[in-house]
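What follows is a set of notes on a single structure, which appears directly below.
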Amino acid sequence: IGDALEFNQSFVRADSEGHRYFSKVMKKTSKRIEPLLEKNAEDILTKYLGKLPKISEQDLREQIKVICKKSGITEVIEYIDYRNGKKNLKMAEKWSLISPHTARKTRVMALYERNVPIPHIASEIGDKIETLLRHYFKENKEIARKAVRESLNIFEIKPPKSQIKE
């Protein structure tokens, strides 16, 4: 969260075609990320004259929950709570479980559903491919297998024609 709270106009760059993007070295991974600057983010930066208001991590977490609750994300869902090394099945309204990391996971899955290659998604969020696969695709085995196949296809290893039987 800390890196996201630091974003301001000084991190915005433009490529040769004029597309704007953020460029920042992430503290946790020491990797540079360069996600495209979407229209709504551009509008927010403009509204605040390029400098976002200061907010603490705790206030951000609370505000996300308030917005989600007001938006009607109130469905009661089951989830697994891991406490003291035990799996506990619990129930809660969905808004109460949403965090800043939920936005990150949503971004990963939205890019994946738009057929953005796994290596590009990993680069966009500043993760290694292995980390991305482990953290974001583990819940759904079918998606995980597809993601692994796609990440392996970047190498496009093919047998020599002499070894292909026709």
Side-chain angles (χ1 to χ4, degrees), residues 1-8 11 21-45 47-48 52-155:
I1 296 174
D3 286 309
L5 295 176
E6 293 177 358
F7 277 120
N8 62 52
F11 296 111
Y21 60 93
F22 285 114
S23 181
K24 177 153 182 11
V25 175
M26 303 299 285
K27 289 177 185 173
K28 183 176 178 181
T29 62
S30 298
K31 285 189 161 200
R32 178 169 300 282
I33 62 163
E34 295 185 332
L36 287 174
L37 182 63
E38 296 186 25
K39 174 79 172 98
N40 57 353
E42 187 99 47
D43 292 345
I44 292 167
L45 278 172
K47 177 180 178 178
Y48 292 104
L52 298 177
K54 295 286 182 194
I55 185 171
S56 70
E57 288 186 28
Q58 184 58 40
D59 286 344
L60 176 65
R61 290 176 190 283
E62 289 174 18
Q63 287 302 311
I64 287 172
K65 291 180 188 319
V66 168
I67 291 166
C68 290
K69 188 174 184 179
K70 285 183 178 179
S71 298
I73 304 174
T74 56
E75 175 188 2
V76 176
I77 61 168
E78 286 184 347
Y79 70 100
I80 298 173
D81 181 36
Y82 296 94
R83 300 257 168 128
N84 302 322
K86 296 179 187 176
K87 281 185 179 181
N88 300 302
L89 189 62
K90 295 195 172 193
M91 307 276 286
E93 288 188 28
K94 198 174 208 178
W95 67 265
S96 69
L97 303 172
I98 295 176
S99 70
H101 187 76
T102 307
R104 183 178 169 95
K105 184 169 185 172
T106 300
R107 175 82 172 153
V108 166
M109 296 311 292
L111 291 170
Y112 180 74
E113 288 170 2
R114 292 183 188 131
N115 297 314
V116 174
I118 297 292
H120 296 307
I121 298 171
S123 176
E124 169 130 339
I125 66 167
D127 267 345
K128 295 178 184 172
I129 293 172
E130 306 81 37
T131 304
L132 183 86
L133 294 172
R134 186 172 58 250
H135 289 287
Y136 298 98
F137 296 100
K138 67 181 177 187
E139 288 91 17
N140 184 314
K141 299 262 189 238
E142 185 177 321
I143 289 177
R145 280 192 295 275
K146 182 180 176 197
V148 169
R149 279 194 310 273
E150 288 176 7
S151 67
L152 293 175
N153 285 341
I154 64 169
F155 300 111

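- The pair D43-K47 does not count as a salt bridge, with every side-chain nitrogen at least 4.0 angstrom from each carboxylate oxygen.
- The distance from atom CE of M109 to atom CD of E113, rounded to the nearest 0.5 Å, is 5.5 Å.
- Atoms CZ and CD1, on F11 and I33 in that order, are 10.0 Å from each other to the nearest 0.5 Å.
- Across all non-hydrogen atoms, the minimal contact from D127 to K31 is O-NZ, 3.9 Å.
- Applying the side-chain contact (heavy atoms from CB on, under 4.5 Å) test to K65 and every residue at least two apart in sequence or in another chain returns W95.
- Y82 is listed as a side-chain neighbour of K87, based on a closest heavy-atom distance under 4.5 Å.
- Here A92 pairs with Y79, S96, L97 under the side-chain contact (heavy atoms from CB on, under 4.5 Å) rule; sequence neighbours left out.
- Remark: R114 engages no residue in a side chain to side chain donor-acceptor pair (under 3.5 Å) (not counting sequence neighbours).
- Remark: I44 pairs with Y48, L52 by the side-chain contact (heavy atoms from CB on, under 4.5 Å) rule, at least two apart or across chains.
- Of all heavy-atom pairs between V25 and R32, the closest is CG2-NH2, 3.4 Å.
- Closest approach of Q63 and I55 over heavy atoms only: CG-CD1, 4.3 Å.
- Closest heavy-atom contact between Y21 and L36: CB-CA, 3.9 Å.
- Nearest approach of P100 to L60, heavy atoms of both residues: CG-CD2, 4.2 Å.
- Considering only residues two or more places apart in sequence or on other chains, N40 meets the side-chain contact (heavy atoms from CB on, under 4.5 Å) condition with E38.
- To the nearest 0.5 angstrom, L37 atom CG is 4.5 Å from E42 atom CD.
- With sequence neighbours excluded, no residue forms a side chain to side chain donor-acceptor pair (under 3.5 Å) with N88.
- A donor-acceptor pair under 3.5 Å is formed between the side chain of T106 and the backbone N or O of T102.
- Between I64 and S99, the closest heavy-atom pair is CD1-C, 4.3 Å.
- Note that CD1 of I118 is 10.5 Å distant from NE2 of H120, once rounded to the nearest 0.5 Å.
- Interatomic distance, NE2 of H101 versus CZ of R107, reported as 14.5 Å (0.5 Å rounding).
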